[in-house]
Amino acid sequence: PVMSEHSERMKKFKNRGKDAAALRRQRVEVNIELRKAKKDEQILKRRSISIAAMEKSPSPGEDKNPVIPLSLGEIVEAVNGSNAELQLQATQATRKMLSRQKDPPLNQIIELGIIPRLVEFLTHADNAPLQFEAAWALTNIASGTSEHTRAVVEGGAIPAFISLLSSPHMHISEQAVWALGNIAGDGPPYRDALINCNVIPPLLALVSPVTPVGFLRNITWTLSNLCRNKNPYPPLDAVRKLLPVLICLLEHEDKEIISDSCWALSYLTDGSNDRIQIVVDTGILPRLVELMGSPQLIVMTPALRAVGNVVTGTDEQTQAAIDAGVLAVLPLLLRHSKPSIQKEAAWTLSNIAAGPCQQIQQLITCGLLPPLVELLAKGDFKAQKEAVWAVANFTTGGTVEQVVELVQSGVLKPLLNLLLAKDSKTILVVLDSISNLFLAAEKLGETERLCLMVEELGGLEKIEALQTHENNMVYRAALSIIEKYFSGEENPDLQPGTDQDGLYNFSVEKQDFDF
Amino acid sequence: QRVLLLVASDVDALCACKILQALFQCDHVQYTLVPVSGWQELETAFLEHKDQFKYFVFINCGANVDLLEILQPEEDTFFFVCDSHRPINVVNVYNETQIKLLVKQEDDLDVPAYDDIFRDEEDEEEDSENESDGSEPSDKRRRFEEVFMEVKLFFSSFRREILFDYEQYEYHGTSSAMVMFDLAWIMSKDLNDMLWWAIVGLTDQWVQDKITQMKYVTDIGILQRHVSRHNHRNEDEENSLSIDCMRIAFEYDLRLALYQHWSLYESLCNTSYTSANLKLWSVQGQKRLQEFLADMGLPLKQVKQKFNAMDIALKENLREMIEESANKFGMKDLRVQTFSIHFGFKNKFLASDIVYATASLMESIEKEGPETTNFIKALDSLSRGNLDKLHQGLDLAKKQLRAIQQTVASCICTNLVISQGPFLYCSLMEGTPDVKLFSKPVSLCLLSKYLLKSFVCSTKNKRCKLLPLVMAAPMDVEQGTVIMVGIPPETESSDKKNFFGRAFEKAADSTNSRTLHNHFDMSIIELKTEDRSKFLDALISLLS
């Protein structure tokens, strides 16, 4: 079983002649989930304020004409009645309740059964205030859980909102954009339902040079939600329609618009190679790489993620990213003060290192080895883990000369130190890298020399200690290295003895590749 | 580790200090004592000593401001704060590392929840950081009533409102001497002397009108249990009193100031309660006093001579007799629950006697020696070995009470108390007799309270009876400053909460008046005489 698991792991390396598609590691899904959960928690937290206080001190932004508080019963009556004045009052009262910070009564409003009426109000083109209030109220209901969103969709809101996109009143079409964003954000089924209802053309029509920035931000976010989520991915023809506009928005000067556009591209590249190819074909990579170097975290993060996704693709796709200059930006990001950026950058680097040796050579030429070694030595632990993967991929796919260069960059010491990591997975990858180094050393006939270096750096001690590791695979891998390279203390071949001239007998011909 | 004791100038603080000193002595803790009369002195004392000390004890000062903010202590410096001033600054309450508050567990501080005043702030920081930290955008967004900036504004106004409600009124918590005694008791180191100081501390709060009648009675009850625990043995052997023993006893005694060390007549005239109720500043009032004495059947000659020398037979049922007559004259509360102390055979004092004597020593205007002389003298007078100082204090106290009574009478007779709309106002002129005495905060407060009581009894204007009083007296003629104090209305159900601290602050801010909030009570300020009228105008419009 050990061997099969080992080969399972080996499959994850991008290596010559092996299953290339499986080599690049896709992002770990869990991280995103956690990130999302944290965000939700914060939004909930933000609501922690008492209703009493809310009502006591109206906010500065409050409209001039005060809304008469209505009971839920009165609201139902008014909404279902035919008096337009009362309809508006009741809808506005509903919207206000749904807009307050704490405990918006989503469930209660849904239970009133007024959603179909509110949807109907969306169609009252002669009564813009009513349309607006209804749109806002429905937006907020759709912002809740999937169940809440479903209540809105099942009330028939999708076609109504899509036609509102073309409303002559900008604030109404903006509210429709927002509502549709919430519906699309619920997940693939509603996202695709919107796409099938032809949401894209009228939505894209709203993007123009004169669209106000605030409105454009809403549009961009909604577009990004149309690109979001997998299983299944958004339909390819929809993606093809969205991409040109996203490319355009990526040139906007507002950083939030750029950020959300980058996120959209990161969703689109977070998939199979043919989906990556569609993005690469737009020629956007140079711009994305440029944005990776942005001082704005909200821009840098999604840009890095999108490019990181691209280099999980084919060698050609990776090459496109290299040609776009990714290797020039990565050193900065590997040294970034934020651990999450370090980690993401190291992950990207590890996938480039999984490429053919030409790409590894470019990586060396662009000076990636020093920041890699630095990160390995003193980066954030999660970033170190990614850096270890980079070393493993590098030593797997690199030529002997390239491996020698890696060792000369000082990789051995921090690599061996990571044998003390708590995480068995990381230890295994380190041991793998060490094995790869020995393979290279064997080819050069420098095994003894490497042995000595490992021993001098305290590595032997650590590897020996791992023979008592509780994880069976770790123990096997450590044992295998010890047996192969350190077992024969009696073995004269491995004893650094001297010959008659007093020269060390392991200093062999290939001085060029001196470790 | 040596400890620095910073002690405010009030009797309760002195009593707490005495208890702590005794505890320190027990445990061989070395300390340095620095009296501080206000914020300026406190800051100076801290700056002077912060390098030599790591532990600072604040007695009746420090709780109601953000100590870390104003003193900027090093991280290894610790503040122990035993202060009856309320509300306690929220930062002091929630700082868990450098500030240790000594508060009785039962004291309800009514502090706003941590989350309401601090967490939002952190959340907002998180949120705004979140906005720029590059995390993935939310998949759904609710549209709030306000845009984000306004939400922030709203939060800060919400927080301000909570803090405003909390900080609006000044009041006093349990006496620091009682808190300190509790500490001694918990450590099983409480002595009868300490108990007496706790009693004096509580009585000071009552004399200075700092706590409600309810709180006073409750705390008396607590102390009474300690008193019987400590003094039961002596009761069995009444005759075993020796010269150096002391005995504390619960009393239901007359609230006549210093009467056992004065003449009954003088005490009746100079006690706020009787003087105000009988309206002694008027001719009718004097007549009423005669009638009152006649009703009791006490010969004027006896009443006017020293209480000690009064006929023993008369003294026997004196308290009951006086109470009975007082009831007829509408003075239903002439007797109060209190404690007395016996030193040896002949020295007997009521707790309030000690309060008056000590307070007078502390604010004595007879200049002698350095500024701390008064403080040391007052502190010493609390030790039973220093009867001479105590008697000196009693004499000063009598002078002070007479001065207060005369000033009250003249203020009322010359209509110096005027209604300003939201409050009553009275200003003592330079040149008024004894005016120098009232440049001191405790004396001025006492005068204000007596004046307000008397005014309420004298006026027929029902609205005026419910008003608070602002009183001003010349402070430093050369510097052209006045001292001003605001006190809450004199009503029976008064909660003794004082809003003048905040009001003074605002009035000063809005008029750029040159004021100094130097006192630990925020409702006492100093200001430039020239700025007084604009300050008052602002105060009036603020409170209207």
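Treat the numbers as computed from the prediction; the structure is a model and nothing was measured. Within every chain, numbering begins at 1; the chains are lettered A, B, ... in the order of the sequence lines, protein sequences first and strands thereafter.
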Open item on the list: Between Lys140(B) and Asp186(A), is the side chain to side chain contact (heavy atoms under 4.5 Å, CB included) condition met? List the steps.
Closed with: CA-CA 7 Å; Lys140(B) 293 179 189 172; Asp186(A) 187 62; 2.7 Å; yes
Open item on the list: For the interface with chain B, which of Leu98(A), Ile341(A), Ile141(A), Thr139(A) has the highest count of heavy-atom pairs at distances below 4.5 Å?
Closed with: Leu98(A)
- [ ] Applying side chain to side chain contact (heavy atoms under 4.5 Å, CB included), run through Glu136(B) and Arg305(A) and close with a yes or a no.
- [x] CA-CA 11 Å; Glu136(B) 203 173 347; Arg305(A) 184 168 293 194; 4.3 Å; yes
- [ ] Check the surroundings of atom NZ in Lys255(A): do more than 12 heavy atoms from other residues, nucleotides or ligands lie under 6.0 Å from it?
- [x] no
TODO: Kindly check if the number of other-residue, nucleotide or ligand heavy atoms within 6.0 Å of NZ (Lys506(B)) is above 12?
DONE: no
TODO: Go through the atoms of Ala142(A) and report whether side chain, backbone, both or neither lie under 4.5 Å from a heavy atom of chain B.
DONE: backbone
Open item on the list: Checking Arg141(B) against Asn140(A): is there a side-chain donor and acceptor pair closer than 3.5 Å?
Closed with: no
Task: Arg228(A)/Asp139(B) salt bridge by N-O under 4.0 Å criterion - done: no
Open item on the list: Please classify the contact of Asn225(A) with chain B as side chain, backbone, both or neither, using a heavy-atom distance under 4.5 Å.
Closed with: side chain
- [ ] Inspect the surroundings of CD in Glu147(A) and state if more than 12 heavy atoms from other residues, nucleotides or ligands are less than 6.0 Å away.
- [x] no
Task: Segment of Ser294(A) engaging chain B (4.5 angstrom heavy-atom cut-off) - done: neither
TODO: Examine distances only and state if a side-chain atom of Trp136(A) and a backbone atom of Arg143(B) form a donor-acceptor pair shorter than 3.5 Å.
DONE: yes
TODO: Of all the heavy-atom pairs spanning Pro137(B) and Trp221(A), show the shortest one and how long it is.
DONE: CB-CD1, 4.3 Å
